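Report on the following structure.
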Amino acid sequence: MLAILVLAVAVRVLFPAGFIPKDDAETARVAYQMAQGEFDYETYAGPPVIPTRTGIVLPTAAAMAVAGSSEIAIAIYPLLSAVALMLLIYFFAARAYGHYAGAIAAAIWVFMPIDIELATTLWPEVPASAFAFLALYLIYRARTEDDISLRRQVMLGGFAGLAFGASWLCKASVIYFVPFCALLLATDLFRFRERFMPLWGGVAAGSLAVLLGEMVAYQLINDDFLYRFHSIERNYALYPEFFFVEGARFGYPEGMPFWKAIIKRVVFDGPQLIFMQPQFLYLPLFGLLASAY
């Protein structure tokens with residue numbers, strides 16, 4: 001596993017995507033201003049969601065405070081997150097299917113094109129995914145431990161909730177894990193009755209603790225308890241071309257009914273993007289077939 005990790009880091013360092021003047025440029029600018037103590041929410045004029053992604057902005061600011069404003073400082077946190085994600089892939093697969101399966105899964109991930117691309121760029125996807133996957137691993141571990149105590153359920157659930165919260169601080173898209181967790185909770189209630197309720201209580205408590213803590217912080221800083229949500233709303237209003245709206249770059253053609261566009265996205269475009277994407281090495285498709293088998 002150590003050899004696999006060394007190879008993974010070497011591949012990502014030898015083939016870095018480098019600094020890209022898009023969202024990561026704005027994130028780097030905000031992080032630099034925070035490292036210098038010059039950032040001001042009231043005068044900030046960039047995309048509203050960037051400063052609210054504290055799960056990536058603050059660690060980058062800390063890296064800049066130590067290593068200066070360089071591409072190395074920008075790449076440190078995403079690269080460490082990519083390494084953590086690979087370790088979690090190993091632990092998850094090893095716990096489910098054994099050491100060799102974990103090693104094979106990690107070895108395949110070494111050459112995942114999209115991870116190689118994002119591992120040295122200041123995009124929130126890799127850190128957000130690492131935290132979310134940590135939460136899933138902790139939930140899975142709690143559900144598969146023999147004779148697990150109530151106290152340990154609450155502890156693992158609480159840490160899982162905090163990990164989900166950390167993912168939320170990186171990017172709001174972690175909310176797409178809510179339907180999955182709700183379905184898993186319903187399954188637990190149906191199959192095991194109240195056996196895993198302490199686990200899910202811990203998940204809820206940890207997640208809400210981060211969310212409420214963030215709200216309190218924004219109330220103290222900006223006098224707005226819902227500043228994060230208002231920033232997301234303003235971002236949609238300012239940059240509609242990047243979202244699912246009529247006539248937008250990532251939306252649907254003008255004149256197409258909304259219901260038809262939704263069906264097309266859910267039934268055709270979305271699955272095609274997920275299952276037929278070379279950047280994912282077609283692993284979601286293989287995973288779907290393996291799950292069916």
Side-chain angles (χ1 to χ4, degrees), residues 9 12-13 15-86 114-135 162-175 210-211 213-224 226-236 238-239 242-243:
V9 172
R12 283 149 182 77
V13 171
F15 301 100
F19 183 77
I20 303 173
K22 292 183 180 179
D23 284 5
D24 54 343
E26 187 64 22
T27 303
R29 184 171 74 93
V30 172
Y32 177 76
Q33 291 178 351
M34 289 186 175
Q36 300 297 312
E38 300 173 350
F39 182 77
D40 184 8
Y41 282 95
E42 293 186 0
T43 59
Y44 176 70
V49 296
I50 298 296
T52 65
R53 293 173 177 172
T54 52
I56 187 169
V57 172
L58 292 182
T60 304
M64 286 183 172
V66 173
S69 55
S70 64
E71 285 199 58
I72 294 177
I74 290 174
I76 287 175
Y77 179 54
L79 185 59
L80 290 176
S81 299
V83 171
L85 183 58
M86 179 168 292
I114 195 168
D115 192 69
I116 295 174
E117 177 184 350
L118 295 179
T120 53
T121 60
L122 202 53
W123 290 58
E125 279 73 16
V126 174
S129 297
F131 282 121
F133 206 71
L134 173 60
L162 292 175
F164 274 137
S167 182
W168 162 262
L169 294 179
C170 293
K171 193 172 183 180
S173 55
V174 71
I175 62 173
V210 175
L211 182 61
E214 180 190 46
M215 289 179 171
V216 170
Y218 284 133
Q219 176 64 30
L220 295 175
I221 297 173
N222 299 314
D223 196 28
D224 185 358
L226 299 176
Y227 180 80
R228 176 74 179 273
F229 300 94
H230 292 155
S231 296
I232 294 173
E233 184 180 15
R234 288 196 298 272
N235 205 70
Y236 278 116
L238 290 172
Y239 306 100
F242 294 104
F243 301 104

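As a basis for the values below, the full set of heavy atoms in this structure was taken, side chains included, without hydrogen atoms, waters or symmetry mates. Every value quoted in this text rests on a predicted model; they were computed, and no experiment measured them.
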Measuring from atom [atom1] of [X] to atom [atom2] of [Y], what distance do you get when rounded to the nearest 0.5 angstrom?
{"X": "Ser129", "Y": "Ile114", "atom1": "OG", "atom2": "CD1", "answer": "9.0 Å"}
{"X": "Arg29", "Y": "Leu122", "atom1": "CZ", "atom2": "CG", "answer": "13.5 Å"}
{"X": "Ile76", "Y": "Glu71", "atom1": "CD1", "atom2": "CD", "answer": "12.0 Å"}
{"X": "Lys171", "Y": "Arg53", "atom1": "NZ", "atom2": "CZ", "answer": "5.0 Å"}
{"X": "Leu79", "Y": "Ile74", "atom1": "CG", "atom2": "CD1", "answer": "13.5 Å"}
{"X": "Asp115", "Y": "Thr120", "atom1": "CG", "atom2": "OG1", "answer": "10.0 Å"}

Which heavy atom of [X] sits nearest to which heavy atom of [Y], and what is that distance?
{"X": "Trp168", "Y": "Glu214", "value": "NE1-OE1, 2.8 Å"}
{"X": "Ala119", "Y": "Ala82", "value": "CB-CB, 3.8 Å"}
{"X": "Gly46", "Y": "Tyr239", "value": "C-OH, 4.1 Å"}
{"X": "Ala31", "Y": "Ala61", "value": "O-CB, 3.3 Å"}
{"X": "Val210", "Y": "Ala166", "value": "CG1-N, 4.5 Å"}
{"X": "Ser231", "Y": "Thr52", "value": "OG-CG2, 3.7 Å"}

- prompt: Is there side-chain contact between Leu162 and Phe131, with heavy atoms separated by less than 4.5 Å?
  reply: no
Taking everything shown except [X] itself, do over 12 heavy atoms lie less than 6.0 Å from its [atom1]?
{"X": "Tyr77", "atom1": "OH", "value": "yes"}
{"X": "Gln219", "atom1": "CD", "value": "yes"}
{"X": "Phe243", "atom1": "CZ", "value": "yes"}
{"X": "Leu238", "atom1": "CG", "value": "yes"}

- prompt: Parallel, tilted or perpendicular for Tyr218 and Tyr41, by the 30°/60° rule?
  reply: perpendicular
query: With a cut-off of under 6.0 Å to the ring centre and 45° to the axis, is Arg234 in cation-pi contact with Tyr227?
result: yes
